[in-house]
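Computed from heavy atoms alone, side chains included, the values below leave out hydrogens, waters and symmetry copies. One-based numbering along the sequence shown.
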Amino acid sequence: MHTHNSINYVEFGATDLSAIEGFYAKVFGWKFTSYGPSYVAFTDGKMDGGFDTTAPIAKGALVIMYSSELESTRDAVLQAGGTILQEIFTFPGGRRFHFEDPSGNELAVWSE
């Protein structure tokens, strides 16, 4: 079960999914699910995340929150002074949007 307005998923950029999968499986025992040539999801048993070859490599990760009311959360982001960087879009498993907080941090919110 997902908890509304909680951190739910962490996403990283990647250049080589095979190397990434081998590294994290060997070092940390993570399990992986492929979603095509540019994306692989992982779980460590407590936290889920993914690696995306179409995303930029950053010094950090994309923190993804969960919302049971995606449109309402998007509206709340705007009303609180955030900026929508990517409007709601679909992906295998759900929908999400990306936003920037008032300090310039990029986060995302997803829903089924």
Side-chain angles (χ1 to χ4, degrees):
M1 167 134 279
H2 304 294
T3 304
H4 181 64
N5 286 342
S6 67
I7 294 174
N8 177 253
Y9 199 85
V10 178
E11 197 166 81
F12 300 90
T15 57
D16 182 335
L17 294 181
S18 179
I20 284 292
E21 188 172 339
F23 175 82
Y24 284 99
K26 183 177 182 179
V27 176
F28 300 108
W30 293 2
K31 306 293 183 212
F32 290 85
T33 303
S34 176
Y35 288 99
S38 65
Y39 199 90
V40 65
F42 71 85
T43 185
D44 68 0
K46 296 180 185 176
M47 173 65 88
D48 295 329
F51 291 93
D52 185 351
T53 62
T54 66
I57 304 299
K59 297 286 183 188
L62 177 64
V63 175
I64 302 174
M65 311 286 284
Y66 174 80
S67 173
S68 59
E69 300 172 6
L70 196 61
E71 287 79 4
S72 295
T73 301
R74 181 199 55 214
D75 294 346
V77 164
L78 290 171
Q79 291 169 2
T83 303
I84 302 301
L85 297 175
Q86 190 169 5
E87 277 294 341
I88 295 172
F89 64 94
T90 60
F91 65 92
R95 303 178 306 133
R96 80 180 194 200
F97 69 92
H98 292 223
F99 70 94
E100 187 175 76
D101 70 18
S103 292
N105 296 299
E106 182 177 353
L107 291 90
V109 182
W110 86 281
S111 188
E112 289 91 2

Out of curiosity, [X] [atom1] to [Y] [atom2], how far, rounded to the nearest 0.5 Å?
X: F51; Y: T15; atom1: CZ; atom2: OG1; answer: 11.0 Å
X: Y39; Y: T33; atom1: OH; atom2: OG1; answer: 10.5 Å
X: R96; Y: M65; atom1: CZ; atom2: CE; answer: 14.0 Å
X: D48; Y: H2; atom1: CG; atom2: NE2; answer: 8.0 Å

Inset, instruction - Inspect the surroundings of CG in L85 and state if more than 12 heavy atoms from other residues, nucleotides or ligands are less than 6.0 Å away. - result: yes
Legend entry - Within the 6.0 Å centroid threshold, strictly below: F42 and Y24: no
Inset, instruction - Tell me whether the centres of the aromatic rings in W110 and Y9 are closer together than 6.0 Å. - result: no
Any link between [X] and [Y] through a network of hydrophobic side chains (Ile, Leu, Val, Met, Phe, Trp, Tyr) touching at under 4.5 Å?
X: L107; Y: Y66; value: no
X: I7; Y: W30; value: yes
X: V10; Y: I57; value: no
X: V109; Y: L78; value: yes
X: I64; Y: F32; value: no

Legend entry - Backbone N/O of G45 and side chain of T43: donor-acceptor pair under 3.5 Å: yes
Inset, instruction - Can you see which heavy atom on F99 is nearest to which on A108, and at what distance? - result: CE2-N, 4.2 Å
Inset, instruction - Could you pull out the closest heavy-atom pair between G60 and F12, with the gap in Å? - result: O-CD2, 4.3 Å
Legend entry - Residue pairs passing the salt bridge (Lys or Arg N to Asp or Glu O under 4.0 Å) test where at least one lies in residues 103-112, sequence neighbours excluded: none
Can you find a pair of side-chain heavy atoms, one from [X] and one from [Y], that are under 4.5 Å apart?
X: M47; Y: N8; result: no
X: S67; Y: H4; result: yes
X: I84; Y: V77; result: yes

Inset, instruction - Identify, with sequence neighbours excluded, every residue that meets side chain to side chain contact (heavy atoms under 4.5 Å, CB included) alongside I88. - result: L70, E71, R74, R95, F97
Inset, instruction - Mind running side chain to side chain contact (heavy atoms under 4.5 Å, CB included) on L62 and H98 for me, showing each step along the way? - result: CA-CA 9 Å; L62 177 64; H98 292 223; 3.4 Å; yes
Inset, instruction - Return the orientation label for the F23 and F28 ring planes: parallel under 30°, perpendicular over 60°, tilted otherwise. - result: perpendicular
Legend entry - Residue pair T53, L17: steps toward the side chain to side chain contact (heavy atoms under 4.5 Å, CB included) verdict: CA-CA 7 Å; T53 62; L17 294 181; 3.6 Å; yes
